[in-house]
Amino acid sequence: MENQDKPKTFNVGDKVVVNYKIKEGEKSRIQPFEGLVIAKKGTGLSKTFTVRRIANGGLGLERIFPEFSPNIESVVVKTPGSVRRAKLYYMRDRIGKLAMKVKEKRA
């Protein structure tokens, strides 16, 4: 399990995979949620981040995760993004491939 004292190293515009622990009765499993980070909010322990992905049929799904939740197993950055805004709410209006496309960060 990841150390909760260490801050997660991802920013708005990054494509991430959030491995979230789900409890079903007595069993628990890890469900990945892959998408684009469109917002980070809050201060201290109440920080949250919003991840958006495009589901089957072109339907946009957004999920808000608490940053310091014990149910988050890990946050893996697939591709870092380079954006000029703190909130990417304009991505909600985009359709098709453009709905998940941001400029990639150069090394």
*Do Lys40 and Phe10 meet the cation-pi criteria used here (NZ or CZ under 6.0 Å from the six-membered ring centre, within 45° of the axis)?*
yes

*Is the CG atom of Leu45 crowded by more than 12 outside heavy atoms at less than 6.0 Å?*
no

*Side chain proximity check, Met91 to Val102, heavy atoms < 4.5 angstrom*: yes

*asked:* Run the side chain to side chain donor-acceptor pair (under 3.5 Å) test against Asn11 and tell me which residues pass, sequence neighbours left out.
replied: none

_Check: Asn71 main-chain N/O paired with Ser69 side-chain donor or acceptor under 3.5 Å_ = yes

Table please: side-chain donor-acceptor pairs of residues 26-39 below 3.5 Å, with sequence neighbours left out.
residue : atom : partner : partner atom : Å
Arg29   : NE   : Glu24   : OE1          : 3.4
Arg29   : NE   : Glu24   : OE2          : 3.2
Arg29   : NH2  : Glu24   : OE2          : 3.2
Glu34   : OE2  : Lys78   : NZ           : 3.2

*Between Ser46 (side chain) and Thr43 (backbone), is there a donor-acceptor pair under 3.5 Å?*
yes

_Under the side chain to side chain donor-acceptor pair (under 3.5 Å) test, residues paired with Lys101 that sit two or more places apart_ = none

*Shortest non-hydrogen contact from Phe68 to Gly44?*
CE1-O, 3.3 Å

*Atom CZ of Arg63 with >12 non-hydrogen neighbours under 6.0 angstrom*: yes

*Neighbour count >12 (heavy atoms, 6.0 Å) for atom CG, Leu98*: yes

Can you give the donor-acceptor pairs under 3.5 Å from side chains of residues 48-62 to other protein atoms, not counting sequence neighbours?
residue : atom : partner : partner atom : Å
Arg52   : NH1  : Glu62   : OE2          : 3.1
Glu62   : OE1  : Arg92   : NH2          : 3.0
Glu62   : OE2  : Arg92   : NE           : 2.7

*Looking at side-chain heavy atoms only, is the closest gap between Thr79 and Val77 below 4.5 Å?*
no

*asked:* Just checking Lys87: does its NZ atom have more than 12 heavy atoms from other residues, nucleotides or ligands closer to it than 6.0 angstrom?
replied: yes

*Mind checking salt bridge (Lys or Arg N to Asp or Glu O under 4.0 Å) for Arg84 and listing every partner two or more places apart, or none if nothing turns up?*
none

*Which pairs, with at least one residue in residues 70-103 and sequence neighbours excluded, count as a ring pair (Phe, Tyr, Trp, His ring centres under 6.0 Å)?*
none

_Under 3.5 Å: donor-acceptor pair, side chain of Asp14, backbone of Gly81_ = yes

